[in-house]
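Here is the structure we will look at, set down as structure tokens.
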Amino acid sequence: MVSTTTVAVVIFIAAYALIISEKVHRTIVGIVGAMLMIVCGILSQEVAIHHIDFNTLGLLIGMMTIVNITAETGLFNFLAIWAAQKVKAQPMKLLLALATLTAVCSALLDNVTTVLLTVPVTFSITAQLKVDVKPFLMAQILASNIGGTATLVGDPPNIMIGSAVGLSFMDFIMHLTLPAIVIFLVTVFVLEMIYGKSLHTTPELQEQVMKLNASKQIRDKVLLRKCLLVLALTMSLFVAHSALGLESATAALTGAGLLLLITFTRDEEMIAKVLGKVEWTAIFFFAGLFILVGALVETGVIKMLAEEAIAVTQGSVEATAFLILWMSALASAFVDNIPFVATMIPLIKDMGAMGLSNLEPMWWSLALGACLGGNGTLIGASANVVVASLAAKHGQQISFIGFMKVAFPCMILSIIMSMAYVYLRYLM
């Protein structure tokens with residue numbers, strides 16, 4: 001008789017293999033895999049629902065809704081053109097400006113939404129300057145993942161870790177923003193060394209960009225004021241949500257609900273349009289994934305893996321933190337960091353239950369490794385894939401190897417810097 005543990009492991013590995021292969025859409029894999037866990041009796045529907053982290057889902061839905069409404073104002077086009085004009089449309093400085101804009105927006109919104117909004121403008125500006133767009137796209141991919149590392153809402157792994165462990169928005173600011181800034185500065189320095197001598201344009205073409213009217217990009221000033229007001233309120237709630245006894249999802253959904261209320265009170269068509277742009281495929285993928293991992297928790301597989309990890313590191317906090325950092329980074333470079341983090345969270349919790357006294361370095365190592373590791377390859381993070389598909393639509397192919405030649409060494413450098421940070425901050 002085949003044990004439920006064996007069945008759970010087989011379903012999980014098969015689901016993971018399909019996610020990596022991309023032969024079946026990952027949302028379908030998540031839903032079917034979750035249902036198989038229930039149908040095969042590994043966990044009941046009630047227990048399965050208990051394993052879904054609705055705080056993570058609520059936070060994602062709330063922020064996606066706010067960003068979708070804000071995008072209607074033309075704010076992101078304005079910011080890109082404004083940044084280009086601030087650096088006099090000089091190609092290398094423009095690359096740094098757009099990378100900085102992408103990093104900042106990725107920290108406050110989410111990195112996939114950020115690249116969807118900023119990359120089309122990058123194509124427009126680089127076409128006017130007649131410079132190769134690929135270095136700009138490389139910089140924006142790397143910046144989106146580094147910027148997303150800095151805050152609770154910047155990257156899905158951080159949202160998942162924060163929700164599971166009870167870490168607040170300010171916790172992420174205090175622990176991850178400084179290393180993310182340092183890593184970003186070092187990365188753009190490396191990019192300048194690589195691309196600085198190859199990016200050239202003419203004064204006449206620069207003048208054309210300088211003549212663009214950035215303010216005309218704002219399509220609805222009244223809506224923009226409402227969006228900025230609600231964004232400020234939402235960020236304030238993120239900062240204070242722990243003190244107020246609120247979950248982060250409550251802060252995001254409060255902002256989303258308020259913005260819908262004051263913008264499209266009775267406009268059913270616009271409400272449907274905005275909510276239709278929420279990445280529901282990602283939401284359902286998360287829900288299925290939480291159930292898949294929940295099945296491994298219920299059958300004791302996660303506990304067994306935790307025991308093996310502690311045996312390898314002999315219970316050393318330092319060795320375990322570095323193992324998690326490097327394992328997260330290398331795994332996230334080649335597979336989606338979301339299912340990896342979903343598997344690691346209960347594993348680290350079990351390490352704590354087995355006597356590993358200080359778990360704080362583990363959580364920050366996991367966040368740094370998973371978020372920064374996404375820069376390793378073209379499939380390492382969702383933002384990378386989105387930029388590559390946008391580039392293909394514009395007739396620009398970003399090759400897997402071509403991307404990896406630049407990005408993988410940058411990723412390794414960022415993990416070495418993260419290792420030094422974790423050691424100096426938590427282990428000395």
Side-chain angles (χ1 to χ4, degrees), residues 67-68 70-106 108-109 111-144 146-147 184-185 187-225 227-228 383-384 386-399 402-403 406-407:
V67 170
N68 290 340
T70 306
E72 295 290 320
T73 68
L75 173 64
F76 300 101
N77 286 12
F78 164 81
L79 288 173
I81 294 173
W82 174 81
Q85 292 175 339
K86 283 294 179 183
V87 296
K88 303 288 190 285
Q90 296 175 36
M92 193 61 225
K93 288 184 178 178
L94 175 61
L95 183 146
L96 300 179
L98 291 174
T100 302
L101 175 65
T102 303
V104 172
C105 289
S106 293
L108 299 175
L109 309 173
N111 47 17
V112 173
T113 303
T114 297
V115 296
L116 279 170
L117 294 169
T118 58
V119 165
V121 192
T122 301
F123 274 103
S124 175
I125 295 173
T126 53
Q128 291 184 60
L129 292 174
K130 294 184 179 177
V131 293
D132 184 7
V133 73
K134 286 183 182 176
F136 292 83
L137 300 181
M138 290 288 300
Q140 284 181 281
I141 289 173
L142 296 175
S144 71
I146 295 170
F184 174 74
L185 293 174
T187 301
V188 294
F189 174 75
V190 172
L191 291 174
E192 187 169 7
M193 298 286 287
I194 296 170
Y195 298 120
K197 293 180 181 178
S198 62
L199 293 176
H200 302 289
T201 187
T202 66
E204 293 77 18
L205 293 172
Q206 286 175 265
E207 188 60 32
Q208 286 182 20
V209 173
M210 294 305 294
K211 287 178 180 177
L212 293 173
N213 190 338
S215 61
K216 279 192 174 179
Q217 299 297 320
I218 302 296
R219 298 187 293 270
D220 190 333
K221 290 184 179 179
V222 175
L223 179 59
L224 176 60
R225 283 195 290 270
C227 290
L228 293 177
N384 309 17
V386 168
V387 174
S389 65
L390 288 172
K393 286 180 183 177
H394 285 81
Q396 297 282 342
Q397 293 295 332
I398 301 176
S399 72
F403 178 87
V406 174

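Excluded from the calculations below are hydrogen atoms, water molecules and symmetry mates; all remaining heavy atoms, backbone and side chain alike, are included.
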- Residue pairs, two or more places apart or on separate chains, that pass side chain to side chain donor-acceptor pair (under 3.5 Å) and touch residues 92-104: Thr102-Gln140
Distance check, rounded to the nearest 0.5 Å: [X] atom [atom1] versus [Y] atom [atom2]?
X: Phe189; Y: Leu96; atom1: CZ; atom2: CG; result: 11.5 Å
X: Arg225; Y: Asp220; atom1: CZ; atom2: CG; result: 9.0 Å
X: Ser198; Y: Lys134; atom1: OG; atom2: NZ; result: 12.5 Å
X: Gln208; Y: Lys130; atom1: CD; atom2: NZ; result: 8.0 Å
X: Leu205; Y: Met210; atom1: CG; atom2: CE; result: 13.5 Å
X: Thr70; Y: Leu223; atom1: OG1; atom2: CG; result: 7.5 Å

Closest approach of [X] to [Y] (non-hydrogen atoms, all atoms of both residues):
X: Leu199; Y: Pro135; result: CD2-CG, 4.1 Å
X: Ile81; Y: Ala214; result: CG2-CB, 3.8 Å
X: Ser144; Y: Val115; result: CB-CG1, 3.9 Å
X: Ala392; Y: Gln397; result: CB-NE2, 3.7 Å
X: Cys227; Y: Thr73; result: SG-CG2, 4.2 Å
X: Ala89; Y: Thr201; result: O-CG2, 4.3 Å

- Message: Against Lys216, only a single residue in Asn213, Ile218, Leu212 fulfils side chain to side chain contact (heavy atoms under 4.5 Å, CB included); can you say which?
- Response: Asn213
- Task: Just grab all the ring-ring contact (aromatic ring centres under 6.0 Å, His included) pairs involving residues 114-142, residues at least two apart or on different chains.
- Result: Phe123-His394
Taking the side chain as C-beta and beyond, is there a heavy-atom pair between [X] and [Y] under 4.5 Å?
X: Leu137; Y: Ile398; answer: yes
X: Leu191; Y: Val406; answer: yes
X: Leu94; Y: Leu129; answer: yes
X: Leu98; Y: Thr118; answer: no

- Backbone of Met92 reached by a side-chain donor or acceptor of Glu192 within 3.5 Å: no
